[in-house]
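Written out below as structure tokens is the structure these notes cover.
Quick note on labels: first sequence line is chain A, next is B, and so on, each numbered from 1.
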2 protein chains.
Amino acid sequence: MYTLSEENYLKAIYRLSQDEGKITPTAIAESLGNNPASVVDMIRKLSEKQLIEYDKKKGVELTQQGQKDAVLIVRRHRLWEVFLLEKLGYHWDEIHDIAEELEHINNDTLADRLDKFLGFPEYDPHGDPIPKANGKMAKPYSVTLAAMKTGSTCRVAAVRDTSSAFLQYLLKLNIGIGTQIQLVEKITFDNSLVISINGKDHTTVSQKFGENILVE
Amino acid sequence: MYTLSEENYLKAIYRLSQDEGKITPTAIAESLGNNPASVVDMIRKLSEKQLIEYDKKKGVELTQQGQKDAVLIVRRHRLWEVFLLEKLGYHWDEIHDIAEELEHINNDTLADRLDKFLGFPEYDPHGDPIPKANGKMAKPYSVTLAAMKTGSTCRVAAVRDTSSAFLQYLLKLNIGIGTQIQLVEKITFDNSLVISINGKDHTTVSQKFGENILVE
DNA sequence: AAATAAAATTAGTCTTGACTAATTATATTT
DNA sequence: AAATATAATTAGTCAAGACTAATTTTATTT
Ligand SMILES: [Mn+2]
Ligand SMILES: [Mn+2]
Ligand SMILES: [Mn+2]
Ligand SMILES: [Mn+2]
């Protein structure tokens, strides 16, 4: 089907298409850690294959085919993450890099069998929705902890940042998907948040922290 | 660690080292479906990396390091085959190609976790022994059905040929690992074998067939 | 031993997917 | 509107890993 690089580009472009604003070569380059010149080459290649369209005004956009294929890569990625966490006992800060490789293994029925084996999970270990075989998936969570009203209580639904630095920090704070968090106070000086984790003692976290936790 | 190609060469050389006789560039080329000229390039590369030694007289030999690394690739391959068959429900003729890709995914603890998850299997679905984390493994089966005495009964322990053509044929004949086979008669004309499968009706198979079934 | 066949090697080419450096196009300031 | 900064693109290079075609080496026949 596609090369490793093509798939990684497709997925990167898909990820960027979730944010608002146009997708520039520079943005793709940054997200992959590549040089913009290399990105321009690949944009040409993927355009020829009709997976994307590039217009200086509109930036890069996935075609229907490109979108479909990208979503299937995301599906594989997230299913493998569930496998690594639930079946092999990895922690949520260790699974992304391995899934990054597993996602490229393609076989007619592999993803579907894995899906079935895992019990058709709806969300991956970071709270991201797992696309179904037909490409449909639940709407991603979007309300951040930072946006909650003081005094309100919520449940951690997903993390926006999936760097191991952040995930390990959460592990240390005993915060995971499903954790109850009460927003006790917002410090007006720097928007730091005083929170209570699972009804326990108060902890203070930064605004940046609060913006990377998605709640419901 | 190593590139995909380096790993595939290492594994191919390891496989060839199980047979007797010296390992030539041509033999490696055939086993990988590559051109001998390409093999010569890679022999140079792997020699520089001290994974093999090449001597026109002795042919290609794995160094200790090369042997160790090759065995770990084989370990991953066979563990994934068990996973695909037992957990995802694939048939034994479908798993090799997928494992061929999965084997290259490396991560400190992935193979060991998979091993544990699978219950530390001793043999893969084709009856090949699975190397342990330390590189040790059971001795492969070596007695062929064709070498059995007429009248004797044995148990299928492994298959030598793992092509899907052969495996599907076995599937059709209802022969798998563990199947009881009685060698009823050897046809002297062409060494065809008349066998009884699991005590059922007699079937005739070729000599080549008998040489690709390993029994105990 | 010479002739022939087969295997190994070399030399040169190609594709993929990166890179750097230079150039051109587009935005942003002044 | 110029000047300047940033972004995009082009041109040229490189390494990996494959290939073909030509040559050299080694084995096998006659
Ligand atoms: Mn990837
Ligand atoms: Mn994830
Ligand atoms: Mn392989
Ligand atoms: Mn096998």
Side-chain angles (χ1 to χ4, degrees), chain A residues 1-14 16-17 19-62 66 69-70 73 100-101 103-106, chain B residues 1-14 16-17 19-62 66 69-70 73 100-101 103-106:
Chain A
M1 209 205 188
Y2 304 124
T3 67
L4 185 68
S5 282
E6 286 171 341
E7 290 199 349
N8 282 332
Y9 272 95
L10 263 192
K11 196 160 63 91
I13 293 166
Y14 174 77
L16 290 168
S17 76
D19 309 344
E20 74 289 335
K22 75 176 188 179
I23 301 173
T24 61
T26 324
I28 298 171
E30 262 164 31
S31 102
L32 288 169
N34 279 355
N35 189 293
S38 314
V39 174
V40 169
D41 283 347
M42 187 57 91
I43 284 175
R44 197 158 294 131
K45 196 173 163 195
L46 294 177
S47 297
E48 269 159 26
K49 293 200 174 183
Q50 318 251 44
L51 297 171
I52 61 173
E53 273 173 15
Y54 181 42
D55 179 280
K56 249 161 274 204
K57 284 280 159 68
K58 293 186 192 167
V60 175
E61 281 177 1
L62 289 167
D69 294 336
I73 302 168
E100 198 60 43
E101 304 184 44
E103 71 190 1
H104 301 291
I105 289 164
N106 206 353
Chain B
M1 208 205 188
Y2 305 124
T3 66
L4 185 67
S5 282
E6 287 171 341
E7 290 199 348
N8 282 332
Y9 272 95
L10 263 192
K11 195 159 64 89
I13 293 166
Y14 173 77
L16 291 169
S17 76
D19 310 344
E20 76 288 335
K22 74 175 190 182
I23 301 171
T24 61
T26 324
I28 298 170
E30 262 165 29
S31 103
L32 287 170
N34 279 355
N35 188 293
S38 315
V39 174
V40 169
D41 282 348
M42 188 56 92
I43 284 176
R44 197 159 293 132
K45 197 173 162 194
L46 294 177
S47 297
E48 269 160 25
K49 294 201 175 184
Q50 317 251 40
L51 297 172
I52 61 174
E53 273 173 17
Y54 181 41
D55 177 281
K56 250 161 273 202
K57 285 279 159 67
K58 294 186 193 166
V60 174
E61 282 176 358
L62 289 167
D69 293 337
I73 301 168
E100 199 60 44
E101 303 184 45
E103 71 190 358
H104 301 291
I105 288 164
N106 206 353

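- Distance A/I43 CD1 to D/dA7 P: 15 Å, rounded to the nearest Å.
- Put simply, NZ on B/K56 is 10 Å from P on D/dA27, counting in whole angstrom units.
- Computed from coordinates, the A/N8 CG to C/dA18 C1' distance equals 13 Å when rounded to whole Å.
- When rounded to the nearest whole Å, the span between CD1 of B/I28 and P of C/dA7 equals 14 Å.
- With hydrogens and angles ignored, the 3.5 Å screen pairs a side-chain donor or acceptor of B/K22 with a backbone N or O of B/K56.
- For the residue pair B/Y9 and B/N34, a side-chain donor N or O sits within less than 3.5 Å of a side-chain acceptor on the partner.
- A salt bridge is defined here as a Lys NZ or Arg NE, NH1 or NH2 lying under 4.0 Å from an Asp or Glu carboxylate O, and A/K11 with A/E103 meets this definition.
- Taking 4.0 angstrom as the limit, A/S5 places a side-chain polar atom (N or O) nearer than this to OP1 or OP2 of C/dA18.
- Comparing C/dC19, D/dA16, C/dT9 by their nearest atom to the side chain of B/T3 picks out D/dA16.
- Between the CG atom of A/N35 and the C1' atom of D/dT13 there is a distance of 13 Å, given to the nearest Å.
- Heavy-atom neighbours of B/E101 CD from other residues, nucleotides or ligands within 6.0 Å: above the threshold of 12.
- OP1 or OP2 of D/dA18 sits under 4.0 Å from a side-chain N or O of B/Y9.
- The side chain of A/P36 sits closest to D/dT9 out of C/dT10, D/dT9, C/dA18.
- Phosphate proximity of C/dT9 to B/Y54: present, with a side-chain N or O under 4.0 Å from OP1 or OP2.
- Comparing atom distances between the B/A37 side chain and each of D/dA18, C/dT10, D/dT10 picks out C/dT10 as nearest.
- Checking the phosphate oxygens (OP1, OP2) of D/dT10, a side-chain nitrogen or oxygen of A/R44 falls inside 4.0 Å.
- Within 6.0 Å of CD on B/E6 lie more than 12 heavy atoms contributed by other residues, nucleotides or ligands.
- Among the atoms of the strands shown, base atoms are found under 4.0 Å from some heavy atom of A/S38.
- Distance, A/D41 CG to D/dT13 C1': 12 Å, rounded to whole Å.
- Here the P atom of nucleotide D/dA16 and the OH atom of B/Y2 are 15 Å apart, to the nearest Å.
- The CE atom of A/M42 sits 11 Å away from the P atom of C/dC19 (whole-angstrom rounding).
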